[in-house]
Amino acid sequence: MSGVPQRTLLLWCPDWPVLAAEIVDGVPATDPVVVLHANRVIACSERARAEGIRRGLRRREAQGRCPHLTVVDHDPGRDVRAFEPVVAAVEEVVAGVEVIRPGACATPARGPSRYLGGEEAAAERIVEHVAQSCAVESQVGIADGVFAAGLAAREGRIVAPGGTREFLAARPVEALGRPALADLLRRLGVRTLGEFAALPAGDVLARFGFDGALAHRLAGGRDDRPLAVRQPPADLTVTADHDEPIDRVDAAAFAARTLAERLHERLAGYGLACTRLGIEAVTAHGQELHRVWRHDGLLTAAAIADRVRWQLDGWLSGSNGRGGTRPARPTAGIVRLRLVPDGVLAQAGLQPGLWGETGEERERAHRALSRVQGILGPEAVVTAVLGGGRSPADQVRLVPWGDERVPARPGPPPLPSAAAPPAPAPASAVVPAGGGAGRRAGRGRAAPEPPWPGRIPPPSPAVVLPAPLPADVRDAAGEPVVVSARLAVSAAPARLTVGDGRPAEITGWAGPWPVDERWWAPAEARRRARFQVCLADGAALLLAVEGGQWLVEAIYD
């Protein structure tokens, strides 16, 4: 933290939370207005100050001083949104602006002063441009360092180079913006920044800690933190206007490919790649259509063109309004098409291996599957995404190739394992009512995410049937095996018959694992118990009994 503080130009908008409420919510800032946070005033309008209202007052006391006071709740998001046009206006005059907080932004003063004819001319030009562009009053302060420039902006003052220490010396310690530290310094007899800066730095660090030492440097005019200037965002949107409205899918596909190549070239020029694509269209009748496509990876020019074509096909081939399930098609052709890269990231090249094989197989598979999608549509190629759930069918979600791979249900997926299922317990080891094995499966393994109670134990089945097969389970005496409401098994399962097939001998089994879902919603409630069984031919199955009916849900490898 050594060196000379950077000459800084800081623009400050007085009473910004009040102005933001006027800009966003229409609250007239010329009336008595206060902004409250934690039931205390954090900002007030000029009319409110004339009524004796100050920052820090409680709500009741402020309303007592001004009965016709307009009270607005503090909204940081509103302040930021309203301040963005002001920052954009400043960036039209100078480059490299850092937002200090909503209502204040700073930039190095050297550049603007050199090409605008001096520091005073630069300050006047910026204030005038902000007033014309945003209808917002502002003040500019210039000094050595951001802290001193902020205090100078409150007076609209330009501090001469090298005079920052003298400018700060007479300021009260409350100017540091640290109420607790200022109160302590007051009680110790230190009332101005000059008196505070005169204290030995080592003693300040030992008595007030790191934050006090930083405040001590600010009080002495040694604010040498460089500005973290932001770069104005590049306009990456591409738009195409069509004199003849597009109402055919083939014409839309041609327009989509041309626009996709333009977008891809523009992104490549900035070293960026698109991961989330916004597609906007305007019809000849003024109807606006919008859709966002997500992608788990980087969208190439061909991938962008395919998604635009799919979306235009969906819009132009919509329902005709006579009971179709698809959305109604536009009443007129498309005259404007816009592509907006909502999500971008740096395009990182893949480092090939010694013979260029690293990632080659994946890239080749990606091109092949994307080509199939381009011919047959996005739903033609799907991949499985594992998530949470109690049954194997709940834990798998099929998503189109390239789409965002988000699980359908929260929670950890089942542990992957290529091993065979655990050997089921012998017939004599039937779990009593309550299903101790089920409790071990649901809570025995620690997981960073909350587990699903009643989830089957790992490993997961190799084949999950799309529709469970009806089955019949009987004991050694040929009687049907029944599971009571208390999860008591009437007898050990001995034979299994699936559909119209031949009975098979059960050599081992484990269960029951109970599942009682959505009991609070009678129309959606579901109660069942599951078993794992091994057959004499070596097959292993996942069974479920629900409402007295046995079902085969999945098959183990």
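- At least one side-chain heavy atom of Val94 sits under 4.5 Å from a side-chain heavy atom of Val97.
- Around CZ of Arg110, the count of heavy atoms belonging to other residues, nucleotides or ligands within 6.0 Å does not exceed 12.
- Here the straight-line distance linking atom CD1 of Ile334 with atom CD1 of Ile246 works out to 6.5 Å at 0.5 Å rounding.
- More than 12 heavy-atom neighbours from other residues, nucleotides or ligands sit within 6.0 angstrom of CD on Glu92.
- Of the inter-residue distances, the one linking Cys134 atom SG with Glu84 atom CD reads 10.0 Å to the nearest 0.5 angstrom.
- Inter-residue side-chain proximity for Leu11 and Thr107 is flagged as unmet; no heavy-atom pair is nearer than 4.5 Å.
- Among residues two or more places apart in sequence or in another chain, the side chain to side chain contact (heavy atoms under 4.5 Å, CB included) test is passed with Val282 by Glu288, Arg336.
- Closest non-hydrogen pair, Leu218 versus Leu168, comes out as O-CD1, 3.3 Å.
- Nearest heavy atom pair, residue Pro67 against residue Gly64, reads CD-O, 4.4 Å.
- A 4.5 Å side-chain heavy-atom check between Ile279 and Leu339 finds at least one atom pair inside the cut-off.
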Inset, instruction - Take Phe147 and Thr8 through the side-chain contact (heavy atoms from CB on, under 4.5 Å) test and state the conclusion after the steps. - result: CA-CA 9 Å; Phe147 175 68; Thr8 303; over 6 Å; no
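- Ser133 places no side-chain N or O within 3.5 Å of a backbone atom of Ala89 that could act as its donor or acceptor partner.
- The environment of Glu120 atom CD is sparse: at most 12 non-hydrogen atoms of other residues, nucleotides or ligands sit within 6.0 angstrom.
- For the pair Pro172/Arg186, a side-chain contact is recorded, criterion being any heavy-atom separation below 4.5 Å from C-beta on.
- For Arg171 and Phe167, the positive end sits near the middle of the six-membered ring, less than 6.0 Å away and at most 45° from its axis.
- For the pair Arg7 and Glu119, the salt-bridge criterion is met [side-chain N within less than 4.0 Å of a carboxylate O].
- The salt bridge (Lys or Arg N to Asp or Glu O under 4.0 Å) with Asp15 is formed by just one residue from the set Arg49, Arg47, Arg154; it is Arg49.
- Other residues, nucleotides and ligands contribute at most 12 non-hydrogen atoms within 6.0 Å of the CZ atom of Arg125.
- The shortest distance between side-chain heavy atoms of Val99 and Val80 does not fall below 4.5 Å.
- For CH2 of Trp519, the number of neighbouring non-hydrogen atoms (other residues, nucleotides, ligands) closer than 6.0 Å is 12 at most.
- For the side chain to side chain donor-acceptor pair (under 3.5 Å) test, residues two or more places apart in sequence or in another chain that qualify with Arg187 are Asp183.
- Taken from SG in Cys105 to CZ in Phe83, the straight-line distance is 4.0 Å, to the nearest 0.5 Å.
- The two atoms that bring Leu184 and Phe208 nearest to each other are CD2-CE2, 3.4 Å, heavy atoms only.
- Thr283 is not listed as a side-chain neighbour of Pro245, based on a closest heavy-atom distance of 4.5 Å or more.
- Between the His74 side chain and the Leu36 main chain, no donor and acceptor come within less than 3.5 Å of each other.
- Taking the side chain as every heavy atom from C-beta outward, Val308 and Leu259 never approach each other to under 4.5 Å.
- Side chain of Arg59 to main chain of Asn39: no donor-acceptor pair is present (N/O by atom type, distance under 3.5 Å, no hydrogens or angles).
- In terms of modelled atom types and a separation under 3.5 Å, the side chain of Ser45 and the main chain of Val33 share a donor-acceptor contact.
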Legend entry - Verdict with supporting geometry, Arg165 and Arg222, side-chain contact (heavy atoms from CB on, under 4.5 Å): CA-CA 8 Å; Arg165 187 180 180 91; Arg222 297 190 298 275; 3.8 Å; yes
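- The backbone N or O of Thr237 sits less than 3.5 Å from a side-chain atom of Arg266, completing a donor-acceptor pair.
- Smallest separation of non-hydrogen atoms from Asp79 and Pro102: CB-CB, 3.7 Å.
- The line from CD of Gln287 to CH2 of Trp315 is 10.0 Å long, rounded to the nearest 0.5 Å.
- More than 12 heavy atoms of other residues, nucleotides or ligands lie within 6.0 Å of CD in Glu166, so this atom counts as buried by the packing criterion.
- More than 12 heavy atoms of other residues, nucleotides or ligands lie within 6.0 Å of CZ in Arg65, so this atom counts as buried by the packing criterion.
- When all heavy atoms of Val41 and Cys44 are compared, the closest pair comes out as CG1-CB, 4.3 Å.
- Of the possible polar contacts, none joining the Arg217 side chain to the Ala213 backbone as a donor-acceptor pair under 3.5 Å is found.
- For the pair Glu195 (side chain) and Val190 (backbone), a donor-acceptor distance under 3.5 Å is absent.
- Using a distance-only test at 3.5 Å, with no hydrogens or angles considered, a donor-acceptor pair links the side chain of Asp75 to the main chain of Gly77.
- A donor-acceptor distance shorter than 3.5 angstrom exists from the side chain of His216 to the backbone of Phe196, with no hydrogens or angles considered.
- Counting non-hydrogen atoms of other residues, nucleotides and ligands closer than 6.0 Å to NE2 of His37 gives a total of 12 or fewer.
- For the atom pair CZ of Phe254 and CG of Leu312, the computed distance is 14.0 Å after rounding to the nearest 0.5 Å.
- You'll find the side chain of Pro341 reaches within 4.5 Å of the side chain of Leu267, heavy atoms only.
- For the pair Arg262 (side chain) and Thr239 (backbone), a donor-acceptor distance under 3.5 Å is present.
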Inset, instruction - List the steps and the verdict of salt bridge (Lys or Arg N to Asp or Glu O under 4.0 Å) for Glu280 and Arg291. - result: CA-CA 7 Å; Glu280 300 177 357; Arg291 187 73 66 211; over 6 Å; no
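- Residue Leu69 comes nearest to Ile53 through the heavy atom pair CD1-CD1, 3.5 Å, listed as atom of the first residue, atom of the second, then distance.
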